[in-house]
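Encoded as structure tokens, the structure appears first; notes follow it.
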Protein chains: 2
Amino acid sequence: MQAKEAAERLGITQRMLRHYENEGLLDVGRTLNGYRSYTEVDLRRAGRVRDFIATGFSTREIRAMSACLSDEGAGPCEGGLEKLKEKLEHIDRLRAELDEKRSAVMDRLATLQNGLATVSSR
Amino acid sequence: MQAKEAAERLGITQRMLRHYENEGLLDVGRTLNGYRSYTEVDLRRAGRVRDFIATGFSTREIRAMSACLSDEGAGPCEGGLEKLKEKLEHIDRLRAELDEKRSAVMDRLATLQNGLATVSSR
DNA sequence: ACAAAGCCTGACGTACATGTTAGCGTTAAA
DNA sequence: TTTAACGCTAACATGTACGTCAGGCTTTGT
């Protein structure tokens with residue numbers, strides 16, 4: 001498929017796709033006229049790159065664990081899981097605190113509505 | 001506590017702490033001599049900033065949901081949970097694929113060792 | 001045949017996180 | 001009292017992810 005569709009399906013810009021390719025994270029074929037031609041495999045790989053980057057990894061880091069990008073894992077994925085787990089720690093800490101905070105807010109909200117209900121039912 | 005200790009306890013540089021402060025994410029008090037003085041509350045907040053940034057958020061985004069940073073959540077945390085959930089989606093997709101890949105590798109490894117054991121026990 | 005829409009490369013611009021260095025006060029130990 | 005360790009600001013430098021724009025093909029509908 002062509003660049004436009006690929007970008008749309010991934011929810012990113014063509015520029016970003018080209019960037020990933022320039023950084024050696026993607027190797028996209030061309031048609032006779034020189035246009036890039038994305039396969040479904042390319043798409044999945046690009047999707048992973050997008051996710052890694054959105055999660056705070058640099059292209060350099062991603063390149064270092066390129067085995068994590070292929071559909072069929074050839075290598076042991078060079079510490080990819082470990083690094084991901086570090087990110088997870090960060091995110092988990094945040095999520096735990098936010099969840100806590102959210103329920104506190106919900107509680108206060110419930111209490112408030114309760115109070116109003118009590119009042120209005122008098 | 002002073003800058004050095006604060007940075008060490010957070011596992012980041014003093015430069016980064018100052019950066020967070022310059023970006024309006026932290027408001028650290030000073031002692032008479034002008035030295036920054038970090039409280040435990042400051043530390044927790046800075047830790048959250050560190051985690052948000054390590055997870056791919058920009059100072060700008062973090063500022064926009066600054067309610068997510070205070071110990072006692074005053075506000076509804078302005079979409080903080082939603083954004084975090086997006087990040088989680090990215091990370092979850094990656095983790096699922098990596099876990100899958102890892103077990104595939106482990107399987108092959110087990111098969112291999114099994115084969116060797118069989119051979120050596122002949 | 002021509003316009004509209006896509007693709008391509010290359011280059012410049014920007015935002016942001018950090019590192020680094022310089023110049024200078026403070027504090028505490030030898 | 002000198003020296004080492006630490007703090008501060010300000011400014012410059014770097015790396016990375018993109019946005020954007022120019023100049024120029026290709027393809028397709030009219």
Side-chain angles (χ1 to χ4, degrees), chain A residues 1-39 42-43 45-66 69 83 86-87 90-91 94, chain B residues 1-39 42-43 45-66 69 83 86-87 90-91 94:
Chain A
M1 97 200 47
Q2 291 198 160
K4 190 180 188 187
E5 188 185 346
E8 275 168 5
R9 283 182 51 182
L10 289 169
I12 61 182
T13 64
Q14 296 178 242
R15 176 69 171 85
M16 288 160 86
L17 276 172
R18 259 178 280 132
H19 180 53
Y20 300 163
E21 199 178 338
N22 288 338
E23 292 295 326
L25 301 174
L26 246 48
D27 188 20
V28 185
R30 306 292 182 118
T31 54
L32 290 177
N33 58 16
Y35 285 17
R36 264 165 269 253
S37 171
Y38 296 88
T39 66
D42 291 335
L43 268 210
R45 187 177 179 107
R48 272 167 228 140
V49 171
R50 172 204 59 196
D51 287 344
F52 270 115
I53 287 188
T55 315
F57 288 93
S58 67
T59 51
R60 167 183 249 293
E61 288 174 299
I62 303 175
R63 213 178 302 122
M65 44 183 211
S66 53
L69 293 177
K83 289 191 174 182
E86 277 179 38
K87 293 286 176 184
H90 292 132
I91 233 179
L94 289 172
Chain B
M1 101 198 45
Q2 291 198 160
K4 190 181 188 187
E5 189 185 345
E8 274 168 5
R9 282 182 51 182
L10 290 169
I12 61 182
T13 64
Q14 296 176 241
R15 176 68 172 86
M16 290 160 86
L17 274 173
R18 260 178 279 133
H19 179 52
Y20 301 162
E21 199 178 339
N22 289 337
E23 293 295 327
L25 301 174
L26 246 48
D27 189 20
V28 186
R30 306 291 183 119
T31 53
L32 290 177
N33 57 17
Y35 286 16
R36 264 166 269 256
S37 171
Y38 296 88
T39 67
D42 291 336
L43 269 210
R45 186 176 179 109
R48 272 168 228 138
V49 171
R50 174 204 58 196
D51 287 344
F52 270 116
I53 286 187
T55 316
F57 289 94
S58 67
T59 51
R60 168 183 249 291
E61 289 175 297
I62 303 176
R63 213 177 303 121
M65 44 183 213
S66 54
L69 293 177
K83 288 191 175 184
E86 278 178 37
K87 293 285 175 183
H90 292 132
I91 232 179
L94 289 173

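Keep in mind it's a predicted model, so treat the numbers as computed, not measured. Note on naming: letters A, B, ... go to the chains in the order of the sequence lines (proteins, then strands), and numbering restarts at 1 for each one.
- Formation of a donor-acceptor pair under 3.5 Å by the B/R63 side chain with backbone atoms of B/E23 is found in this model.
- With values rounded to the nearest 0.5 angstrom, B/H19 atom NE2 is found 11.5 Å from B/L26 atom CG.
- In this structure, A/D27 places its CG atom where only 12 or fewer heavy-atom neighbours from other residues, nucleotides or ligands lie under 6.0 Å away.
- Between B/E5 and B/Y38, every side-chain heavy-atom pair lies at or beyond the 4.5 Å cut-off.
- A/R45 approaches A/L25 most closely through the heavy-atom pair NE-O, 2.8 Å.
- In this view, B/N33 and B/T31, B/Y35 satisfy the side-chain contact (heavy atoms from CB on, under 4.5 Å) rule, not counting sequence neighbours.
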Just distance, no hydrogens or angles: give the donor-acceptor pairs under 3.5 Å from side chains in residues 7-15 of chain A, sequence neighbours left out.
unit_1 : atom_1 : unit_2 : atom_2 : d
A/R9   : NH1    : A/E40  : OE2    : 3.2
A/R9   : NH2    : A/E40  : OE1    : 3.0
A/T13  : OG1    : A/M16  : N      : 3.1

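- Heavy-atom distances under 4.0 Å link DNA chain D to A/Y20 of residues 20-29 of chain A, given in residue order.
- The shortest side-chain heavy-atom distance between A/F52 and A/T59 does not fall under the 4.5 Å cut-off.
- B/R60 meets the salt bridge (Lys or Arg N to Asp or Glu O under 4.0 Å) test with no other residue; sequence neighbours excluded.
- A close approach under 4.0 Å does not occur between any side-chain nitrogen or oxygen of B/Q2 and OP1 or OP2 of D/dC6.
- The span of DNA chain C lying next to chain A, judged by atoms under 4.0 Å from heavy atoms, is bounded 5' to 3' by C/dG6 to C/dT9.
- The nearest whole Å value for the distance from the CE atom in B/M1 to the P atom in D/dC6 is 16 Å.
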Base-contact (B) and sugar-phosphate-only (S) positions in nucleotides 8-16 of chain D, heavy-atom cut-off under 4.0 Å, - elsewhere: SB------S
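- In this structure a side-chain-to-backbone donor-acceptor pair under 3.5 Å is present from A/R48 to A/L69.
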